[in-house]
Amino acid sequence: MTLATRDVEGTCAFYEATLRWRRIKIPGNTPIEAAWIRIGPNQAIHILGVDGFEPSPFEAEFGRHLAVFHPGPDFPALKERLVARGAELMDPIRPTPFERFFFRDPNGYVIEVIDEAHWVDES
């Protein structure tokens with residue numbers, strides 16, 4: 001996944017402080033300000049500096065959003081970390097039998113956080 005931002009360092013700091021994701025080495029031939037953040041085993045988000053970036057007006061539960069798994073027992077502390085770093089918490093519209101919530105990050109992206117204990121491999 002790739003996220004554009006006007007503030008690469010601020011975006012990385014937000015995700016490091018809230019979801020506890022960690023930066024990883026990026027290729028030396030990246031021609032713009034960028035950072036890679038590991039979000040899980042063999043998964044990363046690329047954070048790219050884009051002058052004039054504006055979020056989509058379609059960022060929403062039933063629009064464009066990213067979904068990630070996170071340990072459910074950490075949800076209360078995660079929500080506190082998110083709010084402390086400027087995120088807007090959003091309740092889900094669609095009910096589910098497992099815990100999840102949404103937040104809007106400081107860039108305007110909407111992220112769905114799902115309790116990882118309810119991961120179902122349907123392959």
Heavy atoms from other residues, nucleotides or ligands near CZ of Phe62 exceed 12 (cutoff 6.0 Å): yes
Trace of the side-chain contact (heavy atoms from CB on, under 4.5 Å) decision for Glu16 with Arg22: CA-CA 6 Å; Glu16 288 172 317; Arg22 296 290 170 244; 3.7 Å; yes
Between NE2 on residue His46 and CH2 on residue Trp36, distance to nearest 0.5 Å: 4.5 Å
Atom of His70, atom of Leu78 and distance for their closest heavy-atom approach: CD2-CD2, 3.6 Å
Residue pair Leu66 / Met1, side-chain heavy-atom distance below 4.5 Å: yes
Same apolar cluster: Ile45 and Ile114, side chain cutoff 4.5 Å: no
Heavy-atom side-chain contact between Leu19 and Ile39 under 4.5 Å: no
Audit row: Leu82, Leu89, side-chain contact (heavy atoms from CB on, under 4.5 Å) steps and yes/no: CA-CA 8 Å; Leu82 288 165; Leu89 299 180; 4.0 Å; yes
Flag side-chain contact, heavy atom, 4.5 Å: Asn107 against Thr11: yes
Side-chain (Asp7) to main-chain (Gly10) donor-acceptor, under 3.5 angstrom: yes
Shortest non-hydrogen contact between Glu116 and Pro71, atoms and distance: OE2-CG, 3.5 Å
Separation between CD of Glu61 and CD1 of Ile93, rounded to the nearest 0.5 Å: 4.5 Å
For Thr30 against Ala34, the heavy-atom pair lying closest together: CG2-CB, 3.8 Å
Contact list for residues 79-99, test ring pair (Phe, Tyr, Trp, His ring centres under 6.0 Å), sequence neighbours left out: Phe98-His118
Min side-chain heavy-atom separation Arg20-Arg81 under 4.5 Å: yes
Fellow cluster residues of Met90, listed by chain then number, with links counted only when side-chain atoms sit under 4.5 Å apart: Phe102, Val110
Rounded distance [0.5 Å steps], CG in Leu3 versus CG in Asp105: 7.5 Å
Side-chain heavy atoms of Val68 within contact of Trp21, under 4.5 Å: yes
For Ala13 against Arg23, the heavy-atom pair lying closest together: N-NH2, 4.2 Å
Heavy-atom closest contact (Pro55 atom, Gly108 atom, distance): CB-CA, 4.0 Å
Heavy-atom check, side chain of Leu48 versus side chain of Ile32, under 4.5 Å: yes
Mutual orientation of the aromatic rings belonging to Phe75 and Phe101 [parallel < 30°, tilted 30-60°, perpendicular > 60°]: perpendicular
Side chains of Arg100 and Glu112 in contact at under 4.5 Å (non-hydrogen atoms): yes
Electrostatic pair Glu33-Arg6, nearest N-O below 4.0 angstrom: no
4.5 Å side-chain heavy-atom contact, Thr5 and Val50: no
Gap between atom OH of Tyr15 and atom CD1 of Ile111 - 0.5 Å precision: 3.5 Å
Distance (rounded to the nearest 0.5 Å) between Tyr109 OH and Phe103 CZ: 12.5 Å
Minimal non-hydrogen separation, Gly49 against Val8, with atom names: N-CG2, 3.3 Å
Residues Arg104 and Glu59 bridged, charged N to O under 4.0 Å: no
